[in-house]
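Okay, structure first, notes after.
The structure displayed is predicted, hence computed values, not measured ones. Just so it is clear: chains get the letters A, B, ... in the order the sequence lines come, proteins before strands, and each one is counted from 1.
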Amino acid sequence: MLDLAYVRNNLDAVAARLATRGASAGLEQFRELDRKRRAAITEAEQLKAQSNAQSQKIGQMKRQGLDTTAEQEAVRASKARVAALEEEQKAFEDGFRELLAGIPNLPHESVPVGKSEADNVEVRRVGEPRQFDFAPKAHWDLGPELGILDLERAAKITGARFALYWDMGAKLERALINFMLDVHTREHGYTEVLPPFMVNSRSLFGTGQLPKFQEDLFKCEGQDLWLIPTAEVPVTNIYAGETLEADALPVKLCAYTPCFRSEAGSYGRDVRGIIRVHQFQKVELVKFTRPEASYDELEKLTADAEDILRRLDLPFRTIVLSTGDMGFSSAKTYDIEVWLPGQNGYKEISSCSNYEAFQARRASIRFRGGKKAEYLHTLNGSGLAVGRTWVAIIENFQQRDGTVVIPAALRPYLNEEVIRPRK
RNA sequence: GGAGAGGUGGCUGAGUGGUCGAAAGCAGCGGUUUGCUAAACCGUCGUAGGGUCAUAAGCUCUACCGGGGGUUCGAAUCCCCCCCUCUCCGCCA
């Protein structure tokens, strides 16, 4: 959510910046709705002030033993009008809040202006894609051949876009989770948390998934409980409604969670394998920072995520998303893309964003800087998506004989150096 | 799931129909005193949204005592529903 006073007083500038991300709609109504809303508030409150004064007077008169029948009747008579005005006020307030809550974040000035992902800009490329002296296989062939990935039975148990891992497949997934958590907590200074995997709608509003992106989520029928699409939601909301001490910042948290996404509207994309599934595991990094530090912290957070790929000897590139490709709540986003031989290209494995005060305002997360509490900045990024890391390892380190060599950094977590076909 | 107790400002904790946005204490902030620290003393000290206005200060109004309804001229206080916490029982990993 944008700052109301800022939008009101810089409407043209806000409109211009939103236009760069193709989101100008709504701002024309803003001024008009804001005006109507304030008029309604003023009118309703004036009448309420009158009634309150009358009621106080009645109290005084009663103490003096005076008859107050006429005064009581007068207040009672104005009640209907107060109720009508309040209703009108509420309607304007609701409409206005909805409008404000539906406006996406303003892109940071360093973000390249563009219409789509075609305008994203590569900022660095690390590692060389391996030259195979045989035709490398995609994980959807290699996984089943090794007996570690079983998509057919997963479809039987649950449905399409779910995965069942066997033996070394399951162990590789678990090893990756432990490896990532250990690196981030021991070497990058993050505190590990294990949050609920279901959240309420208030939390989803706080991070920006609701009200606009309900169709991407799984909801428990008849209850205000939703499966988390990312750990960002429960972890960012840890401090919802709270005010942190300035010297506690930055707060750096990391969490392993499964993530559940309906993938509505992605029919036909990444249909093979486990690149895009309804349930995947992720280790997430979340930061709460002072406003002036958030862009430095975004660089560090991105580097922390990249470090996992470096340690696993996986080639990757980092791109900065253009204004046209950024998520709703983000002011700036880096995507990290890992090289996948099966796709002969780079594929997103992490998304690192600075939300500035956008989420903090929605979730009401502040810090006490000077005298007054002010909104802090929130950031998060995958560190990393575990399922796609699994794919990257299988595909990048496959051998001619169909085995997979485990990268050195991961061997202590697996007690194996090679994944061989399961008998 | 059953029975009971409770949810008030940063914290503790008063307040059962009007003058209560809310006593008191602690913490915080400003100051006096002090060689320094401590203590003492004085003052100040909630949030959000309107109006006035310079997007300031100040003044003023409205709302907020877990959330939502209701009764009443008037609700922290009375009634109803819901949520959360604690204790006991049952069940369960």
Check for me whether the distance between the ring centres of [X] and [Y] falls short of 6.0 Å.
X: Y295(A); Y: H377(A); result: no
X: F280(A); Y: F260(A); result: no
X: F30(A); Y: F96(A); result: yes

Worksheet item: What is the per-nucleotide protein-contact pattern of nucleotides 70-79 of chain B, from the 5' end, where B denotes a base atom under 4.0 Å from a protein heavy atom, S denotes such proximity for sugar-phosphate atoms only, and - denotes neither?
Response: --BBS-----

Worksheet item: Around E145(A), counting heavy atoms of other residues, nucleotides and ligands shown, do more than 12 lie under 6.0 Å from its CD?
Response: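 For E145(A), atom CD is crowded (more than 12 foreign heavy atoms under 6.0 Å).
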
Worksheet item: Going through the checks in order, is the salt bridge (charged side-chain N to carboxylate O under 4.0 Å, His left out) test met by K90(A) and D94(A)?
Response: CA-CA 6 Å; K90(A) 188 175 181 306; D94(A) 287 350; 2.9 Å; yes

What distance, rounded to whole Å, do you find between the two [atom1] atoms, one in [N] and one in [M]?
N: C20(B); M: A63(B); atom1: C1'; answer: 15 Å
N: G17(B); M: A76(B); atom1: P; answer: 13 Å
N: U37(B); M: G58(B); atom1: C1'; answer: 39 Å

For [N], which nucleotide in any strand shown is its Watson-Crick or wobble partner with both distances under 3.5 Å?
N: A54(B); answer: none
N: U16(B); answer: none
N: G90(B); answer: none
N: U37(B); answer: none
N: G21(B); answer: none
N: G30(B); answer: C42(B)
N: U85(B); answer: A5(B)
N: G49(B); answer: C61(B)

Quick one: label [X] by what it contacts on the DNA or RNA (base, sugar-phosphate, nothing), any heavy atom closer than 4.0 Å.
X: R202(A); value: nothing
X: R63(A); value: base
X: A5(A); value: nothing
X: R366(A); value: sugar-phosphate

Discussion item. Can you say whether a donor on the side chain of Q46(A) sits under 3.5 Å from an acceptor on the base of G50(B), or the other way round?
Written reply: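 Side chain to base: no pair below 3.5 Å.
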
For atom [atom1] of [X] and atom [atom2] of [N], their distance in whole Å:
X: R38(A); N: U55(B); atom1: CZ; atom2: P; result: 10 Å
X: E86(A); N: G69(B); atom1: CD; atom2: C1'; result: 14 Å
X: Q50(A); N: U60(B); atom1: CD; atom2: P; result: 19 Å

Worksheet item: Considering only side-chain heavy atoms of R37(A), which listed nucleotide, G51(B), G49(B), U62(B), is closest?
Response: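 So the side chain of R37(A) is nearest to G49(B).
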
Discussion item. Does the Lys NZ or Arg CZ of K252(A) fall within the cation-pi geometry relative to Y190(A) - under 6.0 Å from the ring centre and within 45° of the axis?
Written reply: yes

Worksheet item: Which residue lies toward the 5' end of RNA chain B, I41(A) or K90(A), if each is placed at its nearest nucleotide?
Response: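 Here I41(A) is the residue nearer the 5' end.
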
Worksheet entry | Salt bridge K300(A)-D304(A), side-chain N to carboxylate O under 4.0 Å | no

Worksheet item: Is R310(A) paired with E306(A) through a side-chain N to carboxylate O contact shorter than 4.0 Å?
Response: yes

Discussion item. Looking at A63(B), I'd like to know if its phosphate oxygens (OP1 or OP2) sit under 4.0 Å from a side-chain N or O belonging to N52(A).
Written reply: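 So the side chain of N52(A) is within the cut-off, an N or O lying under 4.0 Å from OP1 or OP2 of A63(B).
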
